[in-house]
Amino acid sequence: MSKIVVVDDSYSELQMLEGYLKSANYTVVSYIKNDERFKNIPIVLVTSKNQESDKFWGQQQGASEYVVKPFKPEDLLAAVKRAMR
């Protein structure tokens with residue numbers, strides 16, 4: 001089973017994201033990217049910010065993929081699959 005780090009500033013959003021990913025058989029962990037134990041785990045950034053500068057910032061923070069809210073569950077899962085390659 002693959003591990004995924006999910007970060008959101010809204011606890012309810014975080015629970016929703018975890019639910020989608022767990023139902024697709026992913027293990028969800030809540031550690032940040034600069035923790036040496038998890039530096040090789042892909043990060044999918046899910047945010048309402050959709051400007052190119054926001055996407056660039058996300059990549060600079062270590063995000064492997066970037067999903068803009070609102071999104072469809074299949075969009076999230078597609079981003080996760082891309083990040084896992």
Throw together a table of side-chain donor-acceptor distances under 3.5 angstrom for residues 44-52, partners on residues two or more places apart or in other chains.
| from | atom 1 | to | atom 2 | distance (Å) |
| --- | --- | --- | --- | --- |
| T47 | OG1 | K49 | N | 3.1 |

Practice task
Give a yes or no on whether V6 and W57 share a hydrophobic cluster (residues Ile, Leu, Val, Met, Phe, Trp, Tyr; joining criterion: side-chain heavy atoms under 4.5 Å apart).
Solution key: no
Of all heavy-atom pairs linking A79 and E65, the shortest is O-CG, 3.2 Å
By side chain to side chain donor-acceptor pair (under 3.5 Å), S23 pairs with (sequence neighbours left out) none
Distance col, row K22:NZ vs L17:CG, nearest 0.5 angstrom, shows 11.5 Å
Q59 meets the side chain to side chain donor-acceptor pair (under 3.5 Å) criterion, sequence neighbours left out, with none
Shortest non-hydrogen pair, P42 vs A83, comes out as CG-O, 3.3 Å
On a heavy-atom basis, the closest approach of D75 and V67 is O-CG2, 4.5 Å
Taken in chain and number order and not counting sequence neighbours, the residues that satisfy side chain to side chain contact (heavy atoms under 4.5 Å, CB included) with A78 are R82
Hits for salt bridge (Lys or Arg N to Asp or Glu O under 4.0 Å) against K81, two or more places apart or cross-chain, chain-then-number order -> none
Self-check item: Co-membership, hydrophobic cluster, residues L77 and Y66, 4.5 Å side-chain
Solution: no
Quiz item: So, do L76 and L21 sit near enough that their side-chain heavy atoms are less than 4.5 Å apart?
Solution: yes
Same apolar cluster (I L V M F W Y, side chains within < 4.5 Å links), I43/V68: no
Residues at least two apart in sequence or cross-chain that pass side chain to side chain contact (heavy atoms under 4.5 Å, CB included) with M16, listed by chain then number, are E13, Y20, F71
